[in-house]
Each structure stands twice: as C-alpha cells, then as structure tokens.
2 protein chains.
Amino acid sequence: MKNYDAAQTRSVTWDGERLFFLDQTRLPVDVIQEEQLDSEQVWDSIKKLKVRGAPAIGIAGAYGLVLGVRDHLDASEQEFLAKVRSQAAYLDSSRPTAVNLSWALKRMVARAEQTAVNGTQVIYQALKAEAVLIHEEDKLLCRGMGEHGLPLIREGMGILTHCNAGALATSELGTATAPMYLAHEQGIAFRVYADETRPLLQGARLTSWELQQAGIDVTLISDNMAASMMAEGLIDMVIVGTDRVAANGDVANKIGTMGVAILADYFGIPFYVACPSSTIDLATASGDLIEIEERGADEITFFGARRTGPEGIKVRNPAFDVTPNRLVTGLITEKGIIQAPYGENLKRIFS
Amino acid sequence: MKNYDAAQTRSVTWDGERLFFLDQTRLPVDVIQEEQLDSEQVWDSIKKLKVRGAPAIGIAGAYGLVLGVRDHLDASEQEFLAKVRSQAAYLDSSRPTAVNLSWALKRMVARAEQTAVNGTQVIYQALKAEAVLIHEEDKLLCRGMGEHGLPLIREGMGILTHCNAGALATSELGTATAPMYLAHEQGIAFRVYADETRPLLQGARLTSWELQQAGIDVTLISDNMAASMMAEGLIDMVIVGTDRVAANGDVANKIGTMGVAILADYFGIPFYVACPSSTIDLATASGDLIEIEERGADEITFFGARRTGPEGIKVRNPAFDVTPNRLVTGLITEKGIIQAPYGENLKRIFS
C-alpha cells in the first residue's frame, strides 16, 4: 500500500505474552502504544474508548480475558473455568451496544469449556490460541469486505464516512475503509469526506488521521456539513461501519449515522454499511430491541478542559442510533454485498 | 418574563454616546460587555463573531458607522458624506452572507444623504437617530414574530432549534426564540432541544445559555443527535432563524440547517423559519445566488487550544447552507406566517 505503515495504525497488538492498545483518546496528537497489564485495565480502556470500534473491542476483550485468568493457573479446573466465566461477564459489561465483545467472550468461554479435563495450563493455552484466532479471523473478514466493496469505488468518486470504521476500529484495513484501502492500493483516485463525529470526534481524530497516513485524499468536515457536501454534488456514496445489525437489517452505529442515511436517501446517494458476520445479530429481531448506551453529559458540555455548555444544562448523549433497513442500499460483508429483503437474505446466508 | 433579566443577554447596548457588545465568544463562561471605541474595533468584533446574528450585526454596523464618522465633523459636508459612504463599505465587508448588515448600512447612507445641506453636525445627529431607530425597530420586529409564532407552541411540545437565533442574535426576544419567550411568559410548558451547532457551538454556548437564563426547559444535544430525538418522538416542531431569505423562499442559515430541514421532512415534522422583513432579500431570486462564506480550517481542526484534527488535513468549512423552499413549512415574519407559494406571497407582502 502506498506510503502506508500499517503498524502505525494498529489498534491491538499481542506479542504472545504482552498486550498493547494504541491509545486512541490521544490521537492525532500523540501516537502511544499502552501496555495492558490486567483485565481491569482492559475494562477501563474499553470503557474510556482508548480501544474502540466493534471488531477491535471484541479482539481486545478476548486478550483481556487471557490476562484476567493467567494468575489463576494454580486453581482447580472448575475454579479456573468459573474464573473464565466471571472475567468474561466482567469484560462484557464494559460496553453494552456492540455485539462483537459479547460474541468474542462467549467464544472464549466455549473454547475453555471444550478444552476442560486437560488441566488449567491446557485451557489457558487454548484461550490464548482462540484470542489469536479471533484476531487473525478479523483480518480476513476485513480483507473480504474490502474485496467485495472494492467494485463500488470508481475513479473520481467522493465517499462520505461517519465515525471511525477504519483500521483503528479493527485488526487491519477496517470495515468501511477496507474497500478504500484496497482501491487506493490499486491506484484508483477518489476523495473521502470524513464527518468529525461529535461528541468524541472519532472522524476528526481517527478516520482522517489514518486515511491521511495511508495517503488517501481525505477532507474533514463537521457533521452538520454532510448535507451541504451532498447538495454540492461532491458525494457519490456513503460507507459506514456498524456496531450491530439486527436480523431485519436495521443498523446500530455511532450517533449521527441515521441522519446521514436520511440525507443520502433525500439526495439519492447509495448508503452502504460494512459489517463482518460477527456484527450481524440474528438473535435480535429488529433495531428497536438494541440497547442504546447513553453517555455522560460532560462529553457535550466540555471540550477537553474547556466548558462549552452552560453549567447545569440538561443534556442528551445517546452514543448510537439505529438506521432503519429501508435506508440501507447494501450490507458489505465478507461473503458479499447483501441487499433487501434483509430478513430473508441475512437468515439464508448467516444462520 | 419569569426569572428573566433581559439586560444580561443584551447583545448590543448604546447609551447615546458609547457602544458596548456582549462578547459572545466568551459565553457561557464569562459575561463581558466590551466597549467598542471605533469602527475598526466594530469590524473586528463582527468578523470574530463577538457580535453575531443577522439582526444584531445590522444594528452593530449602524452604530459602528456612527463611531466611524464622529471624528470627521470638521470636514466639509461632501468630505463627511464621502466618509459615511467609505465607512459603510468598510463595515459591510466584515461579513458577506447576512443581508441585514448591508441593509442597515445602506439605510444609514441614505439617511445621511437625505439630511445633507444642513451641516455635518446635523447629518451626524441624524445618523445617531437612524441607528437607534434600526435598533428599536428590531425590537418591534422580534415582538411581532413572537406574537405570530406564539399560536404554534402548544403545551407539552418539543421544539428543536439550530444555532442561535435568540435574544443574543438580535436586539431582544430573538427571532426563532421570540415565540418561545412569549409562550414561556404565558406559562405554557414546552421543551426546547438546542443543537450545539458546530463548529462554533452557538447552540451550546449561546442558545442553551440564554434559554436557561430565562428559565425555559432546554436540552443540549450535538448536531448529529437531532435525528435520534425526532425518531424518539421528542420533537414536534423545528424553528430556526435565517441570515437571508431569497425571493423564492430559499433560506440561507447557519451550516446544518438544511440537514435539519431534510430530517424534519423525513419525520413529518413542521419546519419553520423566523425572519424579520429585513432578512427577506427580494433582489436575490433564489438561494443558489447567495454567497456562502467559507471560514478557516482551524475552526474544524482545533478546539480552543487543543488540536482535534491531524496536521495538514484538508478541511471544508462553509458557514451557511441553503434550505430549499419546498422544505419550509412557513416563514414566521412580523407581518404573519408566510407559506408557499413563497415567490408570489413574499412579493405581495414585502415588495
């Protein structure tokens, strides 16, 4: 990939024994790989969004579980398995909306249970292997989405994205960005418009940074400029990521995504959602059943140390919204692009 | 008005000789009335948005012209009139989009020209009187909009507004907020949702502050949460202000307004624009002819002293957008609520 050092944008690194997260709260000013020493630190890093993005927190949670049980190898096998389960529940409580975290942790617990009767050391090695597998599989998922989304990107196109569904949100390549990285690798010239994505500015701090690192033509805008860019004819396609896709194709993603989808609909612009199969939740019938995390008021009334809203003001701060399936042109998955009717097609391909 | 000290939110104060602006760049943390000593300072204050809002900068420009010519009373009448014209052109260059500034300055120049042949002192006194008249007329316009908009506000309603078209943007009562202040005065209970309005956060810093001062139930959200609030059924009406309404009813207003209008259309929510007649520009046929100010990149990549976008990133920063007339339910003016067909109705009522 042109001028692109993928290691620089690696969100989660595991060297076989030690776990590092790129502290995304410090980007784009400081690029710091912070070692995670125990599961409490991992829980805290997920909660504070040092590591964020649905696929990345699944990977982070899996490695976090390894850290959370490694001091208990002297316990009995039953005690060790109980610890695996309690640590999984604990780590799962760090963020409620993304399905990948609980998906990865359930998979880790199942692996431990399957490996039992061979001693704690064997279970522990199996957990490490499973976490690495989850990590490696995510790289393949991203590449798969990239390959299926690549034909959507034509020379000269303008693509709007929201939040960060990039390399920083995953293992590598990202979800929404995977087609962009592959198109860029092939020398296709296109423009990306990155919504800054209030309140936490993942688009400004993360997406525009990682695309810039890769040498992709990226322009940063505030969220409320998306309609103007569309009206100017600069946007030919929207690609976003997702934290959870319900069985009917409703899409939970970062707050503001539904607004972008409505604007795209108004201007007749295709709206695609990149989602690995790990993000598709067939157990949730529709988007209105997805729990939406409401975050603290200070994210709205402060910016860093600076107060920008009045003292004592009421605030709403939902972290996600749900885009109704009828606004989604297609779901870019590692198995191809899924289109309506979503209920039927998702069930057929992913159950 | 309940618990409301209007003086605290007064944007422009003239005591007969001295001019003060409430420095809106320091709100909501510091409430500072800054004396304006000359027209250069007024130009700079308008440019830096210390005073902002279309009606308020018209008033500010009129008083600024008084300051800009008062040291030239010893000149000949022709020299003095030339100074009036050049100072008007200079002050008019501080911001291009709002029609009120050039409208007020043209009115000041015309008054000077009509008053000529009576000596510079007489012209100067006429200019002072005209500026005060523009100021007083704006108060009446706001009250007129408030009275015509008042019947739209029903008990228990949720109203979304964008940017600040409040008391701070005008002489008093505001434009979009005028019906809210009058409804609150009458004891009608309603909720207001204020978009924070990136990049300069007029909604967070100004609207939520001034409504809070007045004791109105106001909730602050980031711009990209408006769709969620609508989807939750919390919004029954949108009222925004405007910087310029074209002859066909297209509405130029703070960036993000068009997006809100599209969302309101999608959810079937009425979208009203409060505009005094001074903001209606029959000389501009349609919105695409309105010049849109593009502001500096630092507003997007920095927040106060803190860098939030990467170094060297490309940025777009249009300060306004144009909402097409078909998305506007009605224009709340001091002469009543104007509805489509706008071209015909605006011409009939305002030409």
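Convention: sequence-line order gives letters A, B, ...; per-chain numbering from 1. Owing to the predicted nature of the structure, the values given are computational and were not obtained by experimental measurement.
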ask   = Under a 4.5 Å heavy-atom cut-off, does chain A meet the side chain of B:Pro28, its backbone, both or neither?
value = side chain
message = If I measure from the heavy atoms of chain B, does A:Ala194 come under 4.5 Å with its side chain, its backbone, both, or neither?
response = neither
Contact origin within B:Ala231 toward chain A - heavy atom pairs under 4.5 Å = side chain
ask   = Between B:Leu327 and chain A, which part of the residue has a heavy atom less than 4.5 Å away: side chain, backbone, both or neither?
value = side chain
remark   = Assert top hit (heavy-atom pairs under 4.5 Å, partner chain A, pool B:Gly309, B:Ala226, B:Gly203, B:Ala297) equals B:Gly309
ask   = With a 4.0 Å cut-off, would you call B:Arg191 and B:Asp217 a salt bridge?
value = no
Among B:Val260, B:Thr257, B:Ile159, B:Thr329, side-chain contact (heavy atoms from CB on, under 4.5 Å) partner for B:Val238 = B:Val260
Options A:Val218, A:Asp321, A:Ile221, A:Ile262, ranked by heavy-atom pairs under 4.5 Å with chain B, top entry = A:Ile262
message = So which residue, A:Met225, A:Met230, A:Met258, ends up with the most heavy-atom pairs under 4.5 Å with chain B?
response = A:Met225
request  = Measure A:Arg306 against the heavy atoms of chain B and call it side chain, backbone, both or neither at under 4.5 Å.
outcome  = side chain
inquiry  = Do A:Thr323 and A:Asn253 make a side-chain contact, defined as non-hydrogen atoms from C-beta onward lying under 4.5 Å apart?
reply    = no
message = I'd like to know if B:Arg198 and B:Glu196 make a salt bridge, using a cut-off of under 4.0 Å between side-chain N and carboxylate O.
response = no
ask   = Hey, what do you get for OG1 (A:Thr177) to CD1 (A:Ile216), rounding to the nearest 0.5 Å?
value = 7.5 Å
Check ion pair A:Glu210-A:Arg10 (N to O, under 4.0 angstrom) = no
Polar contact flag, side-chain donor to acceptor under 3.5 angstrom, A:Arg52-A:Gln24 = yes
query = Considering only heavy atoms, which portion of A:Leu234 lies under 4.5 Å from any heavy atom of chain B: side chain, backbone, both, or neither?
reply = side chain
key: Donor on one side chain, acceptor on other, A:Ser286 and A:Asp250, under 3.5 Å   = no
task = Flag the one option from B:Asn317, B:Ile313, B:Leu27 with the top tally of heavy-atom pairs under 4.5 Å to chain A.
result = B:Ile313
message = If you define the side chain from C-beta out and look only at heavy atoms, does anything of A:Arg326 sit under 4.5 Å from A:Asp265?
response = no
query = Quick one: of A:Thr301, A:Val315, A:Ile255, who has the most non-hydrogen atom pairs under 4.5 Å with chain B?
reply = A:Ile255
request  = Counting only heavy atoms closer than 4.5 Å, note whether B:Asp223 contacts chain A via side chain, backbone, both or neither.
outcome  = side chain
query = So which of A:Leu263, A:Ile292, A:Thr197 has the biggest tally of heavy-atom pairs under 4.5 Å with chain B?
reply = A:Leu263
message = Could you check whether A:Arg316 pairs with A:Glu294 (Lys NZ or Arg NE/NH1/NH2 to Asp/Glu carboxylate O, under 4.0 Å)?
response = yes
request  = With a 4.5 Å cut-off on heavy-atom pairs, point out which of B:Val322, B:Leu211, B:Leu201, B:Thr308 contacts chain A the most.
outcome  = B:Thr308
query = Measuring heavy-atom distances to chain B, does A:Glu232 have an atom under 4.5 Å in its side chain, in its backbone, in both, or in neither?
reply = side chain
key: Pairs of heavy atoms under 4.5 Å with chain B: top-ranked of A:Arg205, A:Gln212, A:Glu311   = A:Gln212
